[in-house]
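Below, each value reflects all heavy atoms present in this structure, side chains not excepted, and no hydrogens, waters or symmetry copies.
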Amino acid sequence: MRSSDREMSIGELAARFDLAPHVLRHWEAMGLLVPTTRRNGRRRYDAGHIARVAMIVRGKAAGMSLEQLAEVLRSTSRDQRHEVLRRHHAELELRLRQLETSKSMIEHAMSCDAEDFTQCPAFRRLVAETADARHDPACADTLGTSSTGSGRRR
């Protein structure tokens with residue numbers, strides 16, 4: 001019998017993902033996991049649970065709530081499941097854009113020659129280009145940015 005075909009204890013399944021067994025018990029209480037069987041009162045899981053736990057772990061890492069994950073994992077409707085995933089995908093795309101902006105600002109601050117990088121015209125332009133600044137013209141005004149700025153680092 002291949003190791004992927006055999007049943008696992010809750011401890012073995014949890015260890016595959018560096019989780020404490022009580023985490024899997026909590027997910028079971030929420031309906032995210034259902035043991036294949038119980039032997040002598042002990043939960044037994046099969047290889048199919050590995051993919052399910054991986055989805056929960058990666059989904060949580062991506063910011064999905066356990067309730068969202070439960071909706072995805074319990075759904076019998078592909079369309080319903082895809083709608084939940086589409087909404088979360090859009091949230092992830094926004095977060096990725098925000099992270100990229102943050103990364104650019106940090107990279108500029110690390111390489112800026114200005115004594116106070118927050119006063120640097122190029123840094124202020126980066127700030128003005130964020131989604132909040134684009135949606136709030138007053139933000140760009142308070143930063144002292146203009147479209148005719150030199151763009152050089154001080």
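- Among residues two or more places apart in sequence or in another chain, the salt bridge (charged side-chain N to carboxylate O under 4.0 Å, His left out) test is passed with R44 by E7.
- Note that CG of L13 is 6.5 Å distant from CD1 of I50, once rounded to the nearest 0.5 Å.
- In this structure, L85 CG and Q68 CD are separated by 9.0 Å, a value rounded to the nearest 0.5 Å.
- Using a 4.5 Å heavy-atom threshold, the side chains of M105 and S102 count as separate.
- In terms of the side-chain hydrogen bond (donor to acceptor under 3.5 Å, both in side chains) criterion, S104 has no residue partners (sequence neighbours excluded).
- Residues meeting the side chain to side chain contact (heavy atoms under 4.5 Å, CB included) test with A54, sequence neighbours left out: F17.
- In this structure the side chain of L33 reaches within 4.5 angstrom of the side chain of R52, judged on heavy atoms.
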Task: Evaluation steps, salt bridge (charged side-chain N to carboxylate O under 4.0 Å, His left out), between E107 and K103 - done: CA-CA 6 Å; E107 287 171 346; K103 181 180 170 209; 3.8 Å; yes

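- For the ring-ring contact (aromatic ring centres under 6.0 Å, His included) test, residues two or more places apart in sequence or in another chain that qualify with F123 are H108, F117.
- Every residue meeting the side chain to side chain contact (heavy atoms under 4.5 Å, CB included) condition with L66, not counting sequence neighbours, appears here in chain and number order: H26, W27, M30, L32, I56, K60, L69.
- Listed by first and then second residue, the salt bridge (charged side-chain N to carboxylate O under 4.0 Å, His left out) pairs that reach into residues 18-28 are E28-R38, E28-R43, sequence neighbours excluded.
- For the salt bridge (charged side-chain N to carboxylate O under 4.0 Å, His left out) test, no residue two or more places apart in sequence or in another chain qualifies with R81.
- Evaluation of the salt bridge (charged side-chain N to carboxylate O under 4.0 Å, His left out) rule for R78 yields no partner, not counting sequence neighbours.
- With sequence neighbours excluded, the residues forming a ring-ring contact (aromatic ring centres under 6.0 Å, His included) with H49 are Y45, listed by chain and number.
- Other residues, nucleotides and ligands contribute only 12 or fewer heavy atoms inside 6.0 Å of the NE2 atom of H89.
- Scanning all heavy atoms of the two residues, the minimum distance from R124 to T118 falls at NE-O, 2.8 Å.
- The minimum heavy-atom distance linking I10 with L24 is given by the pair O-CD1, 3.6 Å.
- The hydrophobic cluster containing I106, built from Ile/Leu/Val/Met/Phe/Trp/Tyr side-chain heavy atoms closer than 4.5 Å, also comprises M110.
- Among residues two or more places apart in sequence or in another chain, the salt bridge (charged side-chain N to carboxylate O under 4.0 Å, His left out) test is passed with E83 by R86, R87.
- Between V72 and Q80, every side-chain heavy-atom pair lies at or beyond the 4.5 Å cut-off.
- Of all non-hydrogen atoms in A114 and C120, the two that sit nearest each other are CB-CB, 4.2 Å.
- Put simply, the side chain of V57 reaches to within 4.5 Å of the side chain of L19, judged on heavy atoms.
- With a 4.5 Å cut-off on side-chain heavy atoms, Q119 and D116 count as touching.
- Counting side-chain heavy-atom gaps under 4.5 Å among Ile, Leu, Val, Met, Phe, Trp and Tyr, V34 is found in no cluster with other residues.
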